[in-house]
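Bear in mind that the values here come from a model prediction, so they are computed numbers and not experimental data. Within every chain, numbering begins at 1; the chains are lettered A, B, ... in the order of the sequence lines, protein sequences first and strands thereafter.
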Number of protein chains: 2
Amino acid sequence: MAKAGNQREFTVADVAREAGVSKAQAARALGAYGAVSDAVRSRVLAAAARLNYRPNQTARTLNTGRSHSVGVVVGDIENPYFSLATRGISDAVERSGFNVVLANTSERVTAERAAVDMLMDKRVDGLVVAPASASDAAHLRAVVDAGRPLVLLDRTVPGLAVDAARAEIEPAAREAADLLLALGHRRIGYITTADGGHTPLPSPVAARVAGLVGGFTDHGLTWDPGLLRPCPHEEAAIRRAVADLVRGADPATALIASDSLIGQVVVGALQEEGLRIPDDVSVLMYDDQPWARLVTPPITVVAQPTYDIGFAAGERLAALIGGATNPPPLVPLPATLIRRGSVGPVGGGPAARS
Amino acid sequence: MAKAGNQREFTVADVAREAGVSKAQAARALGAYGAVSDAVRSRVLAAAARLNYRPNQTARTLNTGRSHSVGVVVGDIENPYFSLATRGISDAVERSGFNVVLANTSERVTAERAAVDMLMDKRVDGLVVAPASASDAAHLRAVVDAGRPLVLLDRTVPGLAVDAARAEIEPAAREAADLLLALGHRRIGYITTADGGHTPLPSPVAARVAGLVGGFTDHGLTWDPGLLRPCPHEEAAIRRAVADLVRGADPATALIASDSLIGQVVVGALQEEGLRIPDDVSVLMYDDQPWARLVTPPITVVAQPTYDIGFAAGERLAALIGGATNPPPLVPLPATLIRRGSVGPVGGGPAARS
DNA sequence: TTGAAAGCGCTAACAG
DNA sequence: CTGTTAGCGCTTTCAA
């Protein structure tokens, strides 16, 4: 049972000695740079293999300034949106030889700032950040000013000239609004997450709300902003919001969940309240998830190509790090309304479900 | 628009000059080590703040040998099991000041080996690995031999004296078997993932199967191993396995899904096959997920405290890195059978559902 | 307590 | 092509 670990690791110097060449030549052969004769290269490589030599990336990073790793800062890796996007980012950057250093912020700006600083100190070659705040972004600006490539995920930051990998939400949001309006819904509750009063709303939330408002306006109607319920990502708070919306004096006849984590709670709360979907309350959710097709009725959703969004972010970041002067701009990927059974006419009327 | 990035970062030398002290003293004050007078410390700290100095972690790592980051190697971060566990690991190690470097292996040993090597080269202070193979573990042994702390996640490796953070699966698996047997099930299909013939089975799968087999044995029966279906993590393959099991000559009356990703597909496949749960086929799934309570009928599951498992792994790793001589051993956390509506008597008989 | 100087392991000039 | 000599930015002897 080798409990050792004391055995000093071999270095280029060791390999050089073993191969009988200078340290520089060994380093060149090992690092695959500079000019090395075939003879020397093979001798060095053989020596390295014999010693089981492994290069010290830290040393390499120290004088090249490149760490071959990128930072990914998300709200919460257990949110399916982020885990899928992270997988996309990871797959994209690994292809270019980068590692992913992950940080969760729990959607708190202070945690985000700390994470970004730490990653900068670790000399990551670039960052993908899903900003928790649309206004508090000095730390992101600092990244840009330091010349470190940055790509935003899902959310844009006004005033920050940095592209975001995201879906084009508004058209689908509008389509969703039209669907609900056509079925007679006028009281539409919108549940999103926010720790306290996020002002302004994060851009994707703003787009969702804008689509809804736009739909109402087109019909000469006005959406009651009192039906917007920002609440912390806690089950109890979401349940309270649901109860409040559907049990109030002028109750909502339809509920929109801003993401699948919220959607889950909404559907569960409705079931426990004994309310039928869509007869009593229609439900529409952002982010398609496999389970959305499994429940009865299946949930109508606005689907986003989350993996692809992450992958695009990763590709872009890799290109920027690679020094691409003008990488193709990040185009918002289409979000699509998928009609399933959870949206129906107000009051469970006879009109066809959608 | 500061497109700069050329502005060389400030170093200890700069801070020292600005503070009018030696480089060594500045470094000591900045790094909070060695002996520094209060006067010097405050002068240095003030100078650092003035210059907006940020320490270069890479340099620090190079000569301390500590990177303050840990590697996490999982099969697939988009699998809810791993994303939740990763969050647990992350929360635990961040508490001790470590970052998480993430690597996905897609359950391929070659990818795992490459990831482990890369992380070792990056000088991570320790590793959490969910090994893809129970037999091919030379790279993990190398980690141990190098004296780098290692904690396994979910799966153990025979012959590797390394603790795994995991759930105690077998008792719950046995309980699940008893439940199914009591309801008259004899043909129980078990669907798990494996890319090709994993021999031996990964330990958690083995435990699940052992529980099943043990239950049969207790009743003087034998579980037909032909009902074990290892298939790749692809929807089509899983659907094929389901169809095969429930449509064969001697069809399975109950299906066990080895994780929630498989469970999702199984439930969907059954719905599309027009088979009712549990009247035509009973379903039991490993890993509880919120959606399991949302579908009709809700799914009977064996739940694991996944976040806690990850957290325990992270805590242990941090302790080992901290040089704890004898950190408390990792005790398997309890898995529990949660009876919901998806398991019923064979043939949809009148006996109470469970 | 302080400072000078010597590394950590590698890459990058610069001569030969 | 090869070897020598400096560093990268920080920590760490070792004297003072």
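Every pair tested for salt bridge (charged side-chain N to carboxylate O under 4.0 Å, His left out) that includes a residue from residues 26-37 of chain B fails, sequence neighbours excluded, so the list is empty. Applying the salt bridge (charged side-chain N to carboxylate O under 4.0 Å, His left out) definition to pairs two or more places apart or across chains, those involving residues 66-79 of chain A are Asp76(A)-Arg87(B).
Each end of the helix from dT1(C)-dA16(D) to dG16(C)-dC1(D) gets its own rotation axis from five pairs of C1' atoms, and the angle between them is 40° to the nearest 10 degrees.
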**Request:** Would you sort out whether Phe82(B) and Leu153(B) count as a side chain to side chain contact (heavy atoms under 4.5 Å, CB included), showing the intermediate values?
**Result:** CA-CA 9 Å; Phe82(B) 286 128; Leu153(B) 178 67; 4.2 Å; yes
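Between the CZ atom of Arg43(A) and the P atom of dC1(D) there is a distance of 15 Å, rounded to whole Å.
In 5' to 3' order, the nucleotides of DNA chain C bounding all contacts with chain B (an atom under 4.0 Å from a heavy atom) are dT1(C) to dG9(C).
The backbone N or O of Ala29(B) sits nowhere less than 3.5 Å from a side-chain atom of Arg41(B) that would complete a donor-acceptor pair. In this structure, Thr11(A) contributes its side chain and Ala13(A) its backbone to a donor-acceptor pair below 3.5 Å. Side chain of Asp125(B) to main chain of Ser67(B): a donor-acceptor pair is present (N/O by atom type, distance under 3.5 Å, no hydrogens or angles).
Test Asp154(B), Thr86(B), Thr306(B) against Tyr81(B) for side chain to side chain donor-acceptor pair (under 3.5 Å) and you get one pass: Asp154(B).
For the pair Gln25(A) and dT2(D), the criterion of a side-chain N or O lying under 4.0 Å from OP1 or OP2 is met.
Counted within 6.0 Å of CZ on Arg50(A), heavy atoms from surrounding residues, nucleotides or ligands total more than 12; the atom is thus considered enclosed.
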Can you give the donor-acceptor pairs under 3.5 Å from side chains of residues 109-117 of chain A to other protein atoms, not counting sequence neighbours?
residue   : atom : partner   : partner atom : Å
Glu112(A) : OE1  : Ala132(A) : N            : 2.7
Glu112(A) : OE2  : His139(A) : NE2          : 2.7

**Prompt:** In the 5'-to-3' direction, what one-character label does each nucleotide of nucleotides 9-16 of chain D receive under the scheme B = base within less than 4.0 Å of a protein heavy atom, S = sugar-phosphate only, - = no such atom?
**Reply:** BBBBB---
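Atoms CG and CZ, on Leu30(B) and Arg60(B) in that order, are 7.0 Å from each other to the nearest 0.5 Å.
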